Amino acid sequence: MEIGREMTPAETALTTQQIESVRQLRLDFSQLIMHHRFVIDEVLTKISILREESVHTRSYNPIEHISSRVKSPRSLLEKVHRRGLPLDTEIIRREITDIAGIRITCSFIADTYHVLELLTAQNDVRLVEVKDYIAEPKPNGYRSLHAILEVPVFLRSGPTPVICEVQIRTIAMDFWASLEHKIHYKFDGDVPDRLVGELTEAADAASELDRKMERLHAEVRSGSPDVDS
Ligand code: GTP
Ligand code: MG
(Lines give C-alpha, C1' and ligand atoms only; values in the text may rest on other atoms or scores of the structure.)
(Ligands and ions follow the chains in the order given, each with its own letter.)
Protein backbone atom coordinates (compact mmCIF):
# COMPACT_ATOMS: atom_id res chain seq x y z
CA MET A 1 0.00 0.00 0.00
CA GLU A 2 1.28 3.50 -0.84
CA ILE A 3 2.14 5.70 2.13
CA GLY A 4 -0.44 8.45 2.76
CA ARG A 5 -3.30 6.66 1.02
CA GLU A 6 -6.38 5.82 3.17
CA MET A 7 -6.94 2.08 3.59
CA THR A 8 -9.89 0.63 1.71
CA PRO A 9 -12.66 -1.08 3.75
CA ALA A 10 -11.35 -4.42 2.51
CA GLU A 11 -7.90 -3.59 3.86
CA THR A 12 -9.15 -2.47 7.31
CA ALA A 13 -11.63 -5.30 7.77
CA LEU A 14 -10.62 -8.02 10.22
CA THR A 15 -10.09 -11.41 8.72
CA THR A 16 -12.46 -14.19 9.77
CA GLN A 17 -9.55 -15.74 11.62
CA GLN A 18 -8.90 -12.52 13.58
CA ILE A 19 -12.59 -12.21 14.50
CA GLU A 20 -12.56 -15.82 15.67
CA SER A 21 -9.48 -15.28 17.84
CA VAL A 22 -11.01 -12.14 19.47
CA ARG A 23 -14.20 -14.11 20.15
CA GLN A 24 -12.15 -16.92 21.69
CA LEU A 25 -10.18 -14.49 23.85
CA ARG A 26 -13.39 -12.91 25.19
CA LEU A 27 -14.71 -16.36 26.03
CA ASP A 28 -11.47 -17.40 27.75
CA PHE A 29 -11.43 -14.17 29.73
CA SER A 30 -14.99 -14.45 31.00
CA GLN A 31 -14.30 -18.07 31.92
CA LEU A 32 -11.17 -17.02 33.81
CA ILE A 33 -13.13 -14.45 35.83
CA MET A 34 -15.94 -16.96 36.45
CA HIS A 35 -13.51 -19.60 37.80
CA HIS A 36 -12.14 -17.00 40.22
CA ARG A 37 -15.66 -16.18 41.41
CA PHE A 38 -16.11 -19.91 42.05
CA VAL A 39 -12.88 -20.20 44.05
CA ILE A 40 -14.02 -17.29 46.24
CA ASP A 41 -17.27 -19.14 46.92
CA GLU A 42 -15.33 -22.30 47.83
CA VAL A 43 -12.94 -20.51 50.20
CA LEU A 44 -15.69 -18.36 51.79
CA THR A 45 -17.60 -21.56 52.57
CA LYS A 46 -14.53 -23.07 54.20
CA ILE A 47 -13.99 -19.93 56.29
CA SER A 48 -17.59 -19.70 57.40
CA ILE A 49 -17.57 -23.39 58.43
CA LEU A 50 -14.40 -22.84 60.47
CA ARG A 51 -15.92 -19.77 62.10
CA GLU A 52 -19.24 -21.41 62.95
CA GLU A 53 -17.58 -24.53 64.26
CA SER A 54 -15.29 -22.47 66.49
CA VAL A 55 -18.25 -20.55 67.90
CA HIS A 56 -20.08 -23.83 68.49
CA THR A 57 -17.29 -25.83 70.09
CA ARG A 58 -15.11 -23.16 71.73
CA SER A 59 -17.65 -20.35 72.18
CA TYR A 60 -15.06 -18.25 70.44
CA ASN A 61 -15.26 -16.34 67.17
CA PRO A 62 -11.74 -15.72 65.80
CA ILE A 63 -13.05 -13.77 62.79
CA GLU A 64 -14.46 -10.26 62.97
CA HIS A 65 -15.07 -9.60 59.31
CA ILE A 66 -14.64 -11.17 55.85
CA SER A 67 -14.65 -9.39 52.50
CA SER A 68 -13.92 -10.57 49.00
CA ARG A 69 -13.61 -9.30 45.48
CA VAL A 70 -12.79 -10.51 42.00
CA LYS A 71 -10.47 -8.17 40.13
CA SER A 72 -12.41 -6.17 37.54
CA PRO A 73 -11.60 -7.04 33.91
CA ARG A 74 -10.21 -3.52 33.44
CA SER A 75 -7.79 -3.67 36.37
CA LEU A 76 -6.82 -7.24 35.42
CA LEU A 77 -5.96 -6.09 31.88
CA GLU A 78 -4.01 -3.12 33.29
CA LYS A 79 -1.97 -5.49 35.46
CA VAL A 80 -1.37 -7.86 32.52
CA HIS A 81 -0.08 -4.89 30.54
CA ARG A 82 2.04 -3.56 33.46
CA ARG A 83 3.64 -6.96 33.92
CA GLY A 84 4.29 -7.29 30.17
CA LEU A 85 2.34 -10.57 29.98
CA PRO A 86 0.79 -11.87 26.75
CA LEU A 87 -3.01 -12.00 26.38
CA ASP A 88 -2.97 -15.71 27.12
CA THR A 89 -5.39 -16.77 29.84
CA GLU A 90 -3.32 -19.82 30.82
CA ILE A 91 -0.32 -17.56 31.53
CA ILE A 92 -2.48 -14.92 33.26
CA ARG A 93 -4.10 -17.63 35.43
CA ARG A 94 -0.65 -18.76 36.58
CA GLU A 95 1.10 -15.41 36.91
CA ILE A 96 -1.54 -13.07 38.37
CA THR A 97 -2.31 -14.45 41.78
CA ASP A 98 -4.70 -11.80 43.06
CA ILE A 99 -7.59 -12.15 40.58
CA ALA A 100 -9.57 -13.66 43.47
CA GLY A 101 -8.98 -11.91 46.78
CA ILE A 102 -10.34 -12.57 50.25
CA ARG A 103 -9.60 -10.45 53.30
CA ILE A 104 -10.17 -11.85 56.77
CA THR A 105 -10.08 -9.53 59.76
CA CYS A 106 -9.40 -11.18 63.10
CA SER A 107 -9.50 -9.83 66.64
CA PHE A 108 -6.01 -10.91 67.62
CA ILE A 109 -2.64 -11.69 66.00
CA ALA A 110 -2.69 -15.32 67.19
CA ASP A 111 -6.03 -15.78 65.42
CA THR A 112 -4.56 -14.70 62.06
CA TYR A 113 -1.99 -17.52 62.17
CA HIS A 114 -4.51 -19.98 63.54
CA VAL A 115 -7.06 -19.29 60.78
CA LEU A 116 -4.36 -19.73 58.11
CA GLU A 117 -3.22 -22.99 59.73
CA LEU A 118 -6.77 -24.36 59.79
CA LEU A 119 -7.36 -23.41 56.15
CA THR A 120 -4.12 -24.86 54.85
CA ALA A 121 -4.52 -28.06 56.89
CA GLN A 122 -7.44 -29.00 54.63
CA ASN A 123 -6.25 -31.57 52.11
CA ASP A 124 -7.73 -29.88 49.08
CA VAL A 125 -6.00 -26.59 49.87
CA ARG A 126 -2.47 -26.13 48.54
CA LEU A 127 -0.39 -23.35 50.04
CA VAL A 128 1.48 -21.83 47.11
CA GLU A 129 3.15 -18.98 48.97
CA VAL A 130 2.95 -17.17 52.27
CA LYS A 131 4.25 -13.66 52.96
CA ASP A 132 4.33 -12.86 56.64
CA TYR A 133 4.26 -9.08 56.84
CA ILE A 134 3.30 -9.39 60.53
CA ALA A 135 6.66 -10.92 61.45
CA GLU A 136 8.40 -8.73 58.87
CA PRO A 137 6.41 -5.54 58.28
CA LYS A 138 6.94 -3.54 55.09
CA PRO A 139 9.14 -0.43 55.55
CA ASN A 140 6.02 1.80 55.69
CA GLY A 141 4.69 -0.28 58.60
CA TYR A 142 2.18 -2.40 56.62
CA ARG A 143 1.36 -5.59 58.50
CA SER A 144 -0.71 -8.54 57.30
CA LEU A 145 -0.43 -12.24 56.64
CA HIS A 146 -0.70 -12.94 52.90
CA ALA A 147 -1.24 -16.40 51.50
CA ILE A 148 -1.63 -17.60 47.95
CA LEU A 149 -3.83 -20.70 48.00
CA GLU A 150 -4.76 -23.09 45.24
CA VAL A 151 -8.15 -24.70 45.71
CA PRO A 152 -10.13 -26.96 43.36
CA VAL A 153 -13.41 -25.79 41.93
CA PHE A 154 -15.67 -28.57 40.78
CA LEU A 155 -16.57 -27.87 37.17
CA ARG A 156 -18.59 -30.09 34.85
CA SER A 157 -15.28 -31.34 33.43
CA GLY A 158 -13.96 -32.20 36.91
CA PRO A 159 -11.93 -30.51 39.64
CA THR A 160 -9.92 -27.51 38.39
CA PRO A 161 -7.32 -25.85 40.63
CA VAL A 162 -7.78 -22.07 40.91
CA ILE A 163 -5.60 -19.57 42.77
CA CYS A 164 -6.88 -17.21 45.46
CA GLU A 165 -5.07 -14.56 47.52
CA VAL A 166 -6.02 -14.43 51.17
CA GLN A 167 -5.01 -11.49 53.35
CA ILE A 168 -5.43 -12.03 57.07
CA ARG A 169 -4.94 -9.19 59.55
CA THR A 170 -6.15 -7.79 62.84
CA ILE A 171 -8.70 -4.98 63.18
CA ALA A 172 -5.90 -2.56 64.07
CA MET A 173 -3.84 -3.57 61.00
CA ASP A 174 -6.92 -3.25 58.83
CA PHE A 175 -7.74 0.20 60.21
CA TRP A 176 -4.21 1.33 59.38
CA ALA A 177 -4.13 -0.27 55.91
CA SER A 178 -7.41 1.27 54.81
CA LEU A 179 -6.32 4.77 55.81
CA GLU A 180 -2.87 4.28 54.26
CA HIS A 181 -4.54 3.09 51.05
CA LYS A 182 -6.72 6.22 50.92
CA ILE A 183 -3.71 8.50 51.49
CA HIS A 184 -1.66 6.61 48.89
CA TYR A 185 -4.52 7.02 46.42
CA LYS A 186 -5.03 10.71 47.20
CA PHE A 187 -1.36 11.49 46.51
CA ASP A 188 -1.22 9.12 43.54
CA GLY A 189 1.52 7.10 45.27
CA ASP A 190 3.71 10.14 45.93
CA VAL A 191 2.96 10.59 49.64
CA PRO A 192 4.86 13.50 51.31
CA ASP A 193 7.72 12.33 53.58
CA ARG A 194 6.13 13.84 56.69
CA LEU A 195 2.95 11.81 56.16
CA VAL A 196 4.95 8.64 55.40
CA GLY A 197 6.77 9.12 58.73
CA GLU A 198 3.53 9.70 60.63
CA LEU A 199 1.92 6.67 59.01
CA THR A 200 4.84 4.47 60.03
CA GLU A 201 4.53 5.76 63.59
CA ALA A 202 0.79 5.05 63.50
CA ALA A 203 1.52 1.49 62.29
CA ASP A 204 3.83 0.97 65.26
CA ALA A 205 1.14 2.34 67.61
CA ALA A 206 -1.43 -0.04 66.05
CA SER A 207 0.99 -2.92 66.56
CA GLU A 208 1.53 -1.97 70.21
CA LEU A 209 -2.26 -1.86 70.65
CA ASP A 210 -2.51 -5.36 69.14
CA ARG A 211 0.05 -6.71 71.57
CA LYS A 212 -1.66 -5.05 74.54
CA MET A 213 -5.11 -6.36 73.55
CA GLU A 214 -3.69 -9.84 73.04
CA ARG A 215 -2.18 -9.82 76.55
CA LEU A 216 -5.46 -8.63 78.09
CA HIS A 217 -7.40 -11.24 76.16
CA ALA A 218 -5.04 -14.05 77.24
CA GLU A 219 -5.36 -12.86 80.84
CA VAL A 220 -9.14 -12.82 80.76
CA ARG A 221 -9.37 -16.23 79.07
CA SER A 222 -6.92 -17.94 81.43
CA GLY A 223 -8.54 -16.29 84.42
CA SER A 224 -5.12 -15.72 86.01
CA PRO A 225 -4.15 -12.08 86.07
CA ASP A 226 -0.58 -11.40 84.93
CA VAL A 227 0.80 -8.58 87.04
CA ASP A 228 3.46 -7.73 84.43
CA SER A 229 1.12 -6.96 81.56
P1 GTP B 1 0.85 -6.70 43.79
O2 GTP B 1 1.12 -5.46 44.64
O3 GTP B 1 -0.61 -7.07 43.84
O4 GTP B 1 1.37 -6.62 42.41
O5 GTP B 1 1.58 -7.94 44.40
P6 GTP B 1 2.85 -8.08 45.36
O7 GTP B 1 3.61 -9.25 44.93
O8 GTP B 1 3.57 -6.79 45.52
O9 GTP B 1 2.11 -8.51 46.68
P10 GTP B 1 2.06 -7.90 48.12
O11 GTP B 1 1.95 -9.10 48.97
O12 GTP B 1 3.17 -6.94 48.39
O13 GTP B 1 0.71 -7.02 48.16
C14 GTP B 1 -0.49 -7.41 47.61
C15 GTP B 1 -1.66 -6.66 48.23
O16 GTP B 1 -1.44 -6.40 49.62
C17 GTP B 1 -1.93 -5.30 47.65
O18 GTP B 1 -2.75 -5.39 46.52
C19 GTP B 1 -2.67 -4.60 48.82
O20 GTP B 1 -4.01 -5.05 48.91
C21 GTP B 1 -1.94 -5.14 50.01
N22 GTP B 1 -0.80 -4.27 50.38
C23 GTP B 1 0.51 -4.55 50.20
N24 GTP B 1 1.28 -3.55 50.66
C25 GTP B 1 0.44 -2.60 51.14
C26 GTP B 1 0.65 -1.31 51.75
O27 GTP B 1 1.75 -0.83 51.93
N28 GTP B 1 -0.47 -0.63 52.11
C29 GTP B 1 -1.73 -1.12 51.94
N30 GTP B 1 -2.77 -0.36 52.34
N31 GTP B 1 -1.95 -2.33 51.37
C32 GTP B 1 -0.89 -3.06 50.97
MG1 MG C 1 2.62 -4.86 45.85
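Note that ligands are numbered from 1 as they come in the structure, with each ligand's atoms numbered from 1 the same way. Please read all numbers here as calculations on a predicted model, not as lab measurements.
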So, regarding Tyr133 and ligand 1 (criterion: nitrogen or oxygen to nitrogen or oxygen, under 3.5 Å), is there a contact or not? yes

For ligand 1, is there an N or O atom under 3.5 Å from any N or O atom of Lys79? yes

Can you tell which part of His184 has a heavy atom less than 4.0 Å from ligand 1: side chain, backbone, both or neither? neither

Would you say Lys138 and ligand 1 have an N/O pair spaced under 3.5 Å apart? yes

Do Ser54 side-chain atoms and Arg51 backbone N/O form a donor-acceptor pair below 3.5 Å? no

Atom indices of ligand 1 within 4.0 angstrom of Ala177 heavy atoms, with elements: 30 (N)

Quick one about Thr97 and Glu165 (side-chain donor to acceptor, distance below 3.5 Å, no hydrogens or angles considered), yes or no? no

For Lys131 and ligand 1, does the shortest N/O to N/O distance drop below 3.5 Å? yes

Could you tell me whether Glu214 and Arg211 have a side-chain N and a carboxylate O separated by less than 4.0 Å? no

Looking just at side-chain N and O atoms, do Arg26 and Ser30 make a donor-acceptor pair shorter than 3.5 Å? no

Can you list the ligand 1 atoms lying under 4.0 Å from a non-hydrogen atom of Arg103? 20 (O)

Which atoms of ligand 1 are found less than 4.0 Å from any heavy atom of Asn140? 26 (C), 27 (O)

Close-contact set for ligand 1 against Asp98 heavy atoms, below 4.0 Å: 3 (O)

Test of understanding: with ring-ring contact (aromatic ring centres under 6.0 Å, His included), list the residues that count as partners of His146, not counting sequence neighbours. Tyr133, Tyr142

With His217 via ring-ring contact (aromatic ring centres under 6.0 Å, His included) - residues at least two apart: Tyr60, Phe108

Is the side chain of Thr200 donor-acceptor paired with the backbone N or O of Asn140 at a distance under 3.5 Å, no angle test? yes

